[in-house]
Chemist: 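Here you go, one structure.
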Amino acid sequence: MEKRTRTRFAPSPTGPLHMGGVRTALYAYLFAKQKGGDFLLRIEDTDQNRFVPGAEEYIIEALHWCGIKIDEGVSAGGKFSPYRQSERKEMYRKYAEQLVESGHAYYAFDASAELDTARKLAEAAGKTFSYDSSSRMNMKNSLSLPKNETSRLISENTPHVIRLNVPVNEEIRFTDLVRGEVVFHSNLVDDKVLLKSDGMPTYHLAHIVDDVLMEITHAIRGEEWLPSAPAHILIYDFLGWKEQMPHYAHLPLLLKPDGNGKLSKRDGDRLGFPVFPLEWKDPATGEISSGYRERGYYPEAFVNMLAFLGWNPGTEQEIFSMDELIRNFSFHHVHKAGARFDPEKTKWFNQQYLHKKSDEELAKEFLPVVERELNSPQSAVCSPQFVQRICGLVKEKATFVSEFWNLSSYLFIAPSEYEQDVITKKWNENSSKFFNGFIENLQALTGFTRDDIDKTIKQTAADTGIKPGEIMQLLRVLISGRGSGVDLLGMMALLGHDEVCSRLERGLLNVKEKVQ
RNA sequence: GGCCCGUUCGUCUAGGGGCUUAGGACAUCUCCCUUUCACGGAGGAAACACGGGUUCGAUUCCCGUACGGGCUACCA
C-alpha cells in the first residue's frame, strides 16, 4: 500500500512570513490535499539568537488568512508532538552521536576565533576556506586528535560541535521533483555542523530527524537549499534511513520586479507593494510593513496570484479557486527558473475576484465604510438596499472595495461644489434653455426608471433643438458635482425623482450665479 | 573566486525535434461599446541569449560562451 502523503511547511520564526514562504507553504498544501494527505506546520526555532516574538503567531495567522489549513503541527497538535524544534532539542543528540559512533560524524573543538583565522588565511591566499576532507586533519577534531586527547576534551566539557564526515570521491545523486536527476561530487560538500555547541541541532540534522519521525513523504522547499541537498542525502544514508527519505522538491525563487536579486522586504517599500501577506510591526524597531490583507486584497486573489508564480495549469485558465488549485497542481508544471514578481498582475487578480462578488456581498463590506464616512448609521441613504445598488454601479470601476467611497461619495452627499472647468467650457445659452425645460419635464414625470429619464432627456433636447451630447456632461456635473463617474442614467434612477430634482435646482442656481 | 541551478514577448508563462505564421495572460497601443471613466469586445506591436555540434530538419537534444539566480555560517 502507498504511504499516506504528508508534507510540511517548516519556517523559522525570525520575522513575518514573506510571500515566497507563503508560496512554498501553498504548494506543499496543494500537493498534500491533492493526494488526500496531511499538511503539517513545524517551527524551526533552533537558532535562539534570531528568534522574533510574534513571528510564530504571524505565520499561523497568515496561513489561516490564505485558507491554508494546518492538519497537524504547531497550533493544531498531533501524535508527533511537539512540533517546535526547540522543544525537541533532546531528541537530536542521539542521532548525532549515532553518526559519530558509526564514523560518519566527528567532534570538532575549533573555537569560532580559530575558524575565523582559517577563513582569513584562505582569503589572503585567494581561496575560500572549507571545513572538509582537504582541511579537517589540520583542524582540532576527533579525527585529527589522538583518542585520549579527544576523551579528555570531552570529559572536561570543552565546547564542541558534531560535524558530518563527508566521504571522499563519491557521487551523490538524487531525483528532484522539479529538476529531475541532480548530481553532486562529495569532495565539494563541506563537513556541515550537525549539532551546535549549545546542544541545538542545525537545520541540516533537525529537519531530517523530524521529517523521518513525522513520516513526511515530500520535502518541499526553496531553491536556496539545493546546494546543501547532497549533505542531506548523505545523512539519510548514514542514519540508515534511505527508505524513509522523502522526495525533495526545490522551488524556484521569487525575484525583484526590477533589477537584480531575489524579492526582499525593501523592494516592497521602494516600489510600493506589500511583500507580506499581513501587516507586520517589527517589535524591536516599531517599523510597520504593509500586508496584502490590509491593502484590501482578497485572500483568494492573493493565493491565485501566488500559485501562478512558478506554476501553471498547462491550460489557459487563470482564475482558480483553492479547490481547483488542489485538483490541478503538479510538480511537472512547476517552472525551473526564478519568477520575477509583478505587482500589476496581482491587482488584476484582485479586480477579477472583486467583479465576481455579488452586489450583496460587496455591500456587506462597503456598508461599514459608508456609516463611518457619513457618521450616521441611521441615515436613510445608508440602507443596505441603497448601498447594494451603489456597489452594483461602482464595482466595474474598482479593483478594491476601498476605492468605493471615492467613487461613490457624491451619491450619498449632494454636491456643494461643481467642477468649474466643465461648466466654463460647456455652458451656454442653449444649456440654459435645455435645463429650464428639462426640470419642468422631470418634475412632471411619474415613473423614474432609466428609460423614463432617457426619454425625457431626448424629448427635451428635441423640443429645444439641442443635441443631447451637448448637455450630458453638464447634467452630470449638476447632479454629481463631477465631470465623470458612474453611469449617469443609472445614477439618476438610483437617486430617485425628488433627489434628482432638488439637486438639479440647486446646481442650476449655483451655475447661474457663477455664469453671471 | 569556487560549486550548483537556470535562460521563450517588458513581465508571468504554454510548447519541447517537423503539428508553430511560437499560443495565452498582465502591461502597452488602436478601434468598437459606453454621449464620461472603467468594465467588456476586436485588433496591433512584442520573445525562443549567443556560438558550435547531432540531425534530412532544432526554439526543442548535446557542448561551450554570455547573462541571471542560489550557496559558499555553530542562519535557516
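Since this is a predicted model, take the numbers as computed values, not measurements. Letters go in sequence order (proteins before strands), and every chain restarts at 1.
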Chemist: Among the nucleotides B/rA14, B/rC12, B/rA76, which one has an atom lying closest to any side-chain atom of A/H333?
Modeler: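 For A/H333, the side-chain atoms sit closest to B/rA14.
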Chemist: Quick one: closest heavy-atom pair of A/T460 and A/T456, and the distance?
Modeler: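 Closest pair (atom of A/T460, atom of A/T456, distance): OG1-O, 2.6 Å.
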Chemist: Look at the rings of A/F341 and A/Y292 and say which category their plane angle falls in: under 30° parallel, 30 to 60° tilted, over 60° perpendicular.
Modeler: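 Rings of A/F341 and A/Y292: perpendicular, as their planes differ by over 60°.
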Chemist: Kindly say whether, by distance alone, the side chain of A/K345 makes a donor-acceptor pair under 3.5 Å with the base of B/rA25?
Modeler: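 When only heavy-atom distances are counted, A/K345 does reach the base of B/rA25 through a donor-acceptor pair under 3.5 Å.
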Chemist: Can you tell whether the side chains of A/E87 and A/K89 come within less than 4.0 Å, N to carboxylate O?
Modeler: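 A/K89 and A/E87: not salt-bridged.
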Chemist: Is there a residue in residues 313-321 of chain A whose heavy atoms reach under 4.0 Å of RNA chain B, and which residues are they?
Modeler: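 Those residues whose heavy atoms fall under 4.0 Å from RNA chain B, taken from residues 313-321 of chain A in numerical order, are A/E316, A/E318.
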Chemist: Using the C1' atom in both, what is the distance from B/rG16 to B/rA58, to the nearest Å?
Modeler: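 One C1' to the other, the span is 10 Å.
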Chemist: When the ring centroid of A/W225 is compared with that of A/Y248, is the distance short of 6.0 Å?
Modeler: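 Judged by ring-centre distance (under 6.0 Å), A/W225 and A/Y248 do not meet the cut-off.
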Chemist: Of all the choices, B/rC12, B/rG69, B/rC26, which nucleotide is nearest to the side chain of A/W348 once you look at every atom?
Modeler: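 The answer is B/rC26.
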Chemist: Of the candidate nucleotides B/rU36, B/rG70, B/rC74, which contains the atom at the shortest distance from the side chain of A/L253?
Modeler: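 Given the options B/rU36, B/rG70, B/rC74, the side chain of A/L253 is closest to B/rG70.
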Chemist: Per the atom types in the model, does the base of B/rC71 pair as donor or acceptor with the side chain of A/S228 at under 3.5 Å?
Modeler: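 Under the 3.5 Å cut-off, the side chain and the base do not form any donor-acceptor pair.
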Chemist: Suppose you measure atom P in B/rA49 against the same atom in B/rC9; what distance do you get, rounded to whole Å?
Modeler: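 After rounding to an integer number of Å, I get 7 Å for this pair.
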Chemist: Indicate whether OP1 or OP2 belonging to B/rC75 is found under 4.0 Å from a side-chain N or O atom of A/T202.
Modeler: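 Result: no.
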Chemist: Show the distances under 3.5 angstrom between N or O atoms of the protein and N or O atoms of nucleotides 3-6 of chain B.
Modeler:
from	atom 1	to	atom 2	distance (Å)
B/rC5	O2'	A/R179	NH1	2.4
B/rC5	O2'	A/E223	OE2	3.1

Chemist: Please list, pair by pair, any protein nitrogen or oxygen found under 3.5 Å from a nitrogen or oxygen in nucleotides 47-51 of chain B.
Modeler:
none

Chemist: Tell me which residues in residues 156-171 of chain A put a heavy atom below 4.0 Å from RNA chain B, sorted by number, or none.
Modeler: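 When residues 156-171 of chain A is checked for heavy atoms under 4.0 Å from RNA chain B, the hits, listed by number, are A/V161, A/R163.
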Chemist: Apply salt bridge (Lys or Arg N to Asp or Glu O under 4.0 Å) to A/R503 and list each qualifying residue two or more places apart in sequence or on a separate chain.
Modeler: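 Only A/E499 meet the salt bridge (Lys or Arg N to Asp or Glu O under 4.0 Å) criterion with A/R503.
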Chemist: Among B/rA14, B/rC71, B/rA27, which nucleotide sits nearest the side chain of A/E344?
Modeler: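 So the nucleotide nearest the side chain must be B/rA27.
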Chemist: For nucleotides B/rC39 and B/rA76, find the distance between their P atoms and express it as a whole number of Å.
Modeler: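 Per the computed distance, 48 Å lies between those P atoms.
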Chemist: Contact class for A/G310 vs. all strands (heavy atom < 4.0 Å): base, sugar-phosphate, or nothing?
Modeler: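 Answer is sugar-phosphate: A/G310 comes under 4.0 Å of backbone atoms only.
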Chemist: Which nucleotide sits closest to the side chain of A/E396: B/rG70, B/rC39, B/rA14?
Modeler: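 When the side chain of A/E396 is considered, B/rC39 is the closest of B/rG70, B/rC39, B/rA14.
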Chemist: How would you list, by chain and number, every residue that makes a salt bridge (Lys or Arg N to Asp or Glu O under 4.0 Å) with A/E396, sequence neighbours excluded?
Modeler: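 A/E396 satisfies salt bridge (Lys or Arg N to Asp or Glu O under 4.0 Å) with no other residue.
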Chemist: Among B/rC12, B/rG1, B/rC74, which nucleotide has an atom closest to any side-chain atom of A/R119?
Modeler: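 Ranking B/rC12, B/rG1, B/rC74 by closest atom to the A/R119 side chain puts B/rC74 first.
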Chemist: Here's a test of your reading of the structure: between A/K196 and A/S130, which maps to the more 5' nucleotide of RNA chain B?
Modeler: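 Counting from the 5' end, the first nearest nucleotide belongs to A/S130.
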Chemist: Check whether the ring centres of A/F308 and A/F320 lie less than 6.0 Å apart, and answer yes or no.
Modeler: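 Aromatic pair counts; centres sit under 6.0 Å.
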Chemist: The criterion is side chain to side chain donor-acceptor pair (under 3.5 Å); which residues satisfy it with A/S112, sequence neighbours excluded?
Modeler: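 Per chain and number, A/S112 pairs via side chain to side chain donor-acceptor pair (under 3.5 Å) with no residue.
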Chemist: Under the rule for side-chain contact (heavy atoms from CB on, under 4.5 Å), what residues qualify as partners of A/D45, not counting sequence neighbours?
Modeler: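 So A/D45 forms a side-chain contact (heavy atoms from CB on, under 4.5 Å) with A/P13, A/I43, A/R84, A/Q85, A/S86.
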Chemist: Do A/D210 and A/Y83 get their side chains close enough for a donor-acceptor pair, meaning under 3.5 Å?
Modeler: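 No, A/Y83 and A/D210 have no side-chain donor paired with an acceptor closer than 3.5 Å.
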Chemist: What's the closest nucleotide to the side chain of A/D342 if the choices are B/rU11, B/rC12, B/rA76?
Modeler: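 My answer, after comparing the listed nucleotides, is B/rU11.
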Chemist: What integer distance in Å separates A/L194:CG from B/rA73:C1'?
Modeler: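 From A/L194 CG to B/rA73 C1': 14 Å.
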Chemist: With a 3.5 Å cut-off and just heavy-atom distances, do the side chain of A/T128 and the base of B/rG2 make a donor-acceptor pair?
Modeler: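 Answer no: no donor N or O sits under 3.5 Å from an acceptor.
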Chemist: Under the salt bridge (Lys or Arg N to Asp or Glu O under 4.0 Å) rule, collect the residues that match up with A/R340, sequence neighbours excluded.
Modeler: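 By the salt bridge (Lys or Arg N to Asp or Glu O under 4.0 Å) rule, A/R340 matches no residue at all.
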Chemist: Mind checking what makes side chain to side chain donor-acceptor pair (under 3.5 Å) contact with A/N430, not counting sequence neighbours?
Modeler: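 Here no residue qualifies.
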Chemist: Counting only side-chain heavy atoms from C-beta out, which of B/rU11, B/rG40, B/rA73 sits nearest to A/Q352?
Modeler: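 Of the candidates, B/rG40 comes closest.
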Chemist: Which residue pairs pass the ring-ring contact (aromatic ring centres under 6.0 Å, His included) test with at least one member in residues 105-124 of chain A, sequence neighbours excluded?
Modeler: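 Qualifying pairs: A/Y107-A/H160, A/F109-A/H160.
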Chemist: Given the P atoms of B/rA45 and B/rU8, what is the spacing between them in whole Å?
Modeler: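 The same atom, P, in both gives a distance of 22 Å.
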Chemist: Which residues satisfy the salt bridge (Lys or Arg N to Asp or Glu O under 4.0 Å) test with A/E419, sequence neighbours excluded?
Modeler: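 If we apply the salt bridge (Lys or Arg N to Asp or Glu O under 4.0 Å) test to A/E419, skipping adjacent residues, there are no hits.
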